[in-house]
There are 2 protein chains.
Amino acid sequence: MAKQAPLTDEALEHVARRFAVLAEPMRLRLLQTLFDGEMNVNALVEATGGTQANVSRHLQTLTQAHMLSRRKEGLQVFYAISDPSIFKLCELVCGSLEKTFAKQAGSFGR
Amino acid sequence: MAKQAPLTDEALEHVARRFAVLAEPMRLRLLQTLFDGEMNVNALVEATGGTQANVSRHLQTLTQAHMLSRRKEGLQVFYAISDPSIFKLCELVCGSLEKTFAKQAGSFGR
DNA sequence: GATTAACATGCGCATATACTCATATAGTTG
DNA sequence: CAACTATATGAGTATATGCGCATGTTAATC
């Protein structure tokens, strides 16, 4: 654990943007679905229950954030998680949320 | 590492909300400032350069998300990081961003 | 109890973004 | 080249949220 140097304003904005990408339930669901491995858009549409247009947009956002990789094969496009830190991030947040919920003892709802 | 069970829609929304709280540069700056330990609002206002009203609002958001603790002492209110996972979260994202920037070789700016 | 200090909050505005619908693009097959 | 499939994208709308300004609230001091 090295001592943290304060981040510049620009760095903070980049970090914030990265968190913002993860701040949408649909994108999290897509990531979660991709935990099992590469998938094409249609499969993701069916797995998540979203519309094709919306899923496509979120996949674009995730790809631009360098969290997903994009591989074209004929008519289909396959997406896969390209940033392993995503797994740990989700684990961390889930673990932290479990503790919070444990404290609140099931009485969550804002 | 246990196998990940798929999260419910409700759980996904909670995770998303948590990420959303971290998706603002000003809130990240506040957290970063609080890495050194407890501080009162005035000190945070000076350290971050924000307005008092804005800092207060962000502190409220962070507290409601159970990331900060709030301690009142006379006229002053002291805030401190109450969720240790925040440190690891920031480390993870920063590390991941460094890799991304290394690939882009400094040519970031959308 | 009036004044002052530290912090919180109501309100309005501006901006960002998620969603839907329709349409465009790329690639395959007849 | 026409028809079809898989995916992407432009336009419009609705909602969320960050910010500034002003004001409210709580607590200490005179």
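Note on naming: letters A, B, ... go to the chains in the order of the sequence lines (proteins, then strands), and numbering restarts at 1 for each one. The shown structure was predicted, so the numbers you read here are calculated from the model rather than taken from an experiment.
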Distance check: side-chain N/O of [X] vs OP1/OP2 of [N], anything under 4.0 Å?
X	N	result
A/N54	C/dA18	no
B/H58	D/dT17	no
B/S56	C/dC7	no
B/Q60	C/dT9	yes
B/N42	C/dC7	yes

Item to check | Closest nucleotide among C/dA18, D/dG20, C/dC7 to the B/R70 side chain | outcome: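 The listed nucleotide nearest to B/R70's side chain is C/dC7.
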Item to check | Selected nucleotide, minimal atom distance to B/N40 side chain, candidates C/dT9, D/dT7, C/dC7 | outcome: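 Closest nucleotide to the B/N40 side chain: C/dC7.
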Checklist entry - Taking a hydrophobic cluster as the set of Ile, Leu, Val, Met, Phe, Trp and Tyr residues connected by side-chain heavy atoms closer than 4.5 Å, whether directly or through intermediates, do B/V77 and B/L75 fall within one such cluster? => result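 No; B/L75 is not reachable from B/V77 via cluster members.
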Next on the checklist: Could you see if B/M39 belongs to whatever hydrophobic cluster contains B/V41? Use Ile, Leu, Val, Met, Phe, Trp, Tyr and a side-chain cutoff under 4.5 Å.
Outcome noted: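 As far as the 4.5 Å side-chain criterion goes, B/V41 and B/M39 are connected within one cluster.
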Is there side-chain contact between [X] and [Y], with heavy atoms separated by less than 4.5 Å?
X	Y	answer
B/L22	B/R27	no
B/F87	B/I81	yes
B/V55	B/L59	yes
A/V15	B/C94	yes
B/Q60	B/H58	no
B/Q52	B/N42	no

Next on the checklist: Both A/T51 and B/V77 contact DNA chain C. Which one's nearest nucleotide lies toward the 5' end?
Outcome noted: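 In this pair, the answer is B/V77.
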Checklist entry - When you match B/V55 and A/E24 each to their closest nucleotide on DNA chain C, which lands nearer the 5' end? => result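 First, find each residue's nearest nucleotide; the 5'-ward one identifies B/V55.
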Nearest-Å distance, [atom1] ([X]) to [atom2] ([N])?
X	N	atom1	atom2	value
A/R17	C/dA16	CZ	P	11 Å
A/Q64	D/dA8	CD	C1'	12 Å
B/L59	C/dA6	CG	C1'	13 Å
B/Q76	C/dA8	CD	P	12 Å
A/E46	D/dT7	CD	P	10 Å
B/M26	D/dG18	CE	P	12 Å
A/L62	D/dA8	CG	C1'	15 Å

Checklist entry - Picking from A/T63, A/N40, A/L31, what satisfies side-chain contact (heavy atoms from CB on, under 4.5 Å) with A/Y79? => result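 That would be A/T63.
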Checklist entry - So what does B/Q52 hit on the nucleic acid, given a heavy-atom distance under 4.0 Å: a base, only sugar-phosphate, or nothing? => result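 The residue B/Q52 makes base contact.
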Item to check | Sugar-phosphate, base or nothing in reach of A/Y79, heavy atoms under 4.0 Å | outcome: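 Sugar-phosphate contact only.
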Checklist entry - Would you call A/D83-A/K88 a salt bridge at under 4.0 Å N-O? => result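 No, no charged N to carboxylate O under 4.0 Å.
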Could you list the protein-to-nucleotides 24-30 of chain C atom pairs, N/O on both sides, closer than 3.5 Å?
{"unit_1": "C/dA26", "atom_1": "O3'", "unit_2": "A/K72", "atom_2": "NZ", "d": "3.3"}

I'd like a table of atom pairs between the protein and nucleotides 11-15 of chain D - only N or O on both sides, under 3.5 Å - with the distance next to each one.
{"unit_1": "D/dA11", "atom_1": "N6", "unit_2": "A/R57", "atom_2": "NH2", "d": "3.4"}

